[in-house]
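Hydrogens, waters and symmetry mates play no part in the numbers below; they use all other heavy atoms, side chains included. Numbered from 1 within each chain, the chains take letters A, B, ... in sequence-line order.
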2 protein chains.
Amino acid sequence: MNLYETLLTALKTQGKRITPQREAICRLLAESDEHPTARQIYETLKAQFPSMSLATVYNTLDVLVSVGAINRLGSAGDDTVHYDADTNPHINLACIKCHRIIDLPSEHIQALQEEVARNSQYRILGGRVLYYGLCPECQREAVEGGR
Amino acid sequence: MNLYETLLTALKTQGKRITPQREAICRLLAESDEHPTARQIYETLKAQFPSMSLATVYNTLDVLVSVGAINRLGSAGDDTVHYDADTNPHINLACIKCHRIIDLPSEHIQALQEEVARNSQYRILGGRVLYYGLCPECQREAVEGGR
DNA sequence: TCCAACTTTAGAACTATTCCAAATACCACC
DNA sequence: GGTGGTATTTGGAATAGTTCTAAAGTTGGA
Ligand SMILES: [Mn+2]
Ligand SMILES: [Mn+2]
Ligand SMILES: [Zn+2]
Ligand SMILES: [Zn+2]
């Protein structure tokens, strides 16, 4: 089962109804490796659903988050929440200049997660591992701009 | 040099002035192991500085963050930014019910950080490692409440 | 097909955070 | 130890991301 189907199944399992808008949102989340904000999803889908409301995007994202199908990563320096459709343990790298977030596979992240599970009394529901800085492109621009 | 002095030094190094309000904010950040929000700091210090403004707290926190002396951890399920005065690599554990954040020392976190530095082309400025779930207390309450 | 329940929509409401300009206070320099 | 230039504080207004609301539209089980 691919990610798109996983997301839809998560909705159905919760007794939620499948609407064209929700399908589109899940497809977008599944088929891109971006970590979009609600507004970015909204802007992208507006072409396809001219009448779509931002509230619908938030609504669907909230459901997916509450089911644990996606993660809220938080801000990338832009004061808006970015969402991650990949709930497998991995490192996220945010650029505080262009506000893009990429994934970084990690050998140690699994051990980290196990450490948390073992050494805390918490019932762990999820996590966000995010480092931030300047991406190569934005570093270059910073140098060029400073000449 | 203790954490309080480190924070004040960070401000001075930036050519910032030391005010009683800033001292109090730095002392609060240094002497508690909490991960307070701007509002919590404001409420705590209001007794000591009845005329203090929320804007002052935000102002000081922003300066400290921009210098890298403290970290912005993001929300603990309460839609407000929590700050971390400890910039040494460690795991943070947030309870999404009572919105408290605690620290969890980690053996693997150092390796994770090195992994990021080595495998990415980013200029890394900081990071936040935060797992969330239910703390022991809130788990207990959840069970009792369900009876 | 039918309909109760759920979802979408548009816009208002909410609230954390930022901005602003006037009053105040720090501190480098004398 | 005083002064003055300038950064900081303050309180309130402004901003913007997110949530709420109620009317209109859909979904999917019966
Ligand atoms: Mn990711
Ligand atoms: Mn911490
Ligand atoms: Zn960038
Ligand atoms: Zn708790």
Side-chain angles (χ1 to χ4, degrees), chain A residues 7-26 28 35-67 70-83 96 99, chain B residues 7-26 28 35-67 70-83 96 99:
Chain A
L7 294 180
L8 280 191
T9 302
L11 290 176
K12 279 182 193 150
T13 303
Q14 292 295 304
K16 301 295 179 183
R17 292 181 180 168
I18 304 307
T19 66
Q21 292 91 333
R22 288 184 171 170
E23 287 176 335
I25 292 169
C26 289
L28 192 160
H35 298 74
T37 66
R39 167 153 266 113
Q40 285 168 347
I41 294 174
Y42 168 71
E43 299 292 347
T44 303
L45 295 181
K46 204 148 66 173
Q48 193 179 345
F49 298 90
S51 75
M52 177 180 272
S53 165
L54 235 195
T56 297
V57 178
Y58 277 109
N59 172 348
T60 302
L61 290 171
D62 284 350
V63 174
L64 290 171
V65 166
S66 71
V67 176
I70 67 176
N71 272 339
R72 244 191 272 269
L73 274 191
S75 157
D78 51 1
D79 294 317
T80 51
V81 173
H82 289 251
Y83 293 84
I96 58 171
H99 306 144
Chain B
L7 294 180
L8 279 191
T9 302
L11 290 176
K12 281 183 193 152
T13 302
Q14 293 296 305
K16 299 296 179 182
R17 294 181 180 169
I18 305 305
T19 67
Q21 292 91 336
R22 285 184 173 170
E23 287 176 336
I25 292 169
C26 289
L28 193 158
H35 299 74
T37 66
R39 169 154 262 110
Q40 285 168 347
I41 294 173
Y42 169 71
E43 298 292 349
T44 302
L45 296 181
K46 204 150 62 172
Q48 194 179 346
F49 299 90
S51 76
M52 177 180 270
S53 164
L54 235 195
T56 297
V57 179
Y58 276 111
N59 172 349
T60 302
L61 290 171
D62 284 350
V63 174
L64 291 171
V65 166
S66 72
V67 176
I70 66 175
N71 272 338
R72 244 191 272 270
L73 275 190
S75 157
D78 50 2
D79 295 317
T80 51
V81 173
H82 288 249
Y83 294 84
I96 59 171
H99 306 144

Note, A:Asn59 side chain near A:Arg22 side chain (heavy atom, < 4.5 Å): yes
Close side-chain approach of B:Ile41 and B:Leu61, heavy atoms under 4.5 Å: yes
Heavy-atom pair with the smallest gap, counting every atom of A:Ser75 and A:Asp79: OG-N, 3.2 Å
Heavy-atom pair with the smallest gap, counting every atom of B:His99 and B:Ala76: CD2-O, 3.1 Å
Can you pull every protein N or O that's under 3.5 Å from an N or O on nucleotides 27-30 of chain D?
| residue | atom | partner | partner atom | Å |
| --- | --- | --- | --- | --- |
| D:dT27 | O2 | A:Arg17 | NH1 | 2.7 |
| D:dT27 | O2 | A:Arg17 | NH2 | 3.4 |
| D:dG28 | OP1 | A:Ile18 | N | 3.0 |

Give a yes/no on whether any side-chain N or O of [X] is located under 4.0 angstrom from OP1 or OP2 of [N].
X       : N      : value
A:Gln21 : D:dT26 : no
B:Asn59 : D:dT8  : no
B:Ser53 : D:dT9  : no
B:Arg22 : D:dT9  : yes
A:Tyr58 : D:dT19 : no

DNA chain C: 5'-proximal contact among A:Phe49 and B:Asp78 (nearest heavy atom): A:Phe49
No-H, no-angle donor-acceptor pair, A:Thr80 side chain to D:dG17 base, under 3.5 Å: no
Interatomic distance, A:Tyr42 OH vs C:dT8 P [rounded to whole Å]: 14 Å
Stepwise side-chain contact (heavy atoms from CB on, under 4.5 Å) test for B:Leu11 and B:Cys26: CA-CA 10 Å; B:Leu11 290 176; B:Cys26 289; 4.0 Å; yes
Test side chain to side chain contact (heavy atoms under 4.5 Å, CB included) applied to B:Tyr83 and B:Val65, B:Thr37, B:Leu64, B:Ile25, the passing residue: B:Val65
Residue closer to the 5' end of DNA chain D, B:Asp79 versus B:Leu54 (nearest nucleotide): B:Leu54
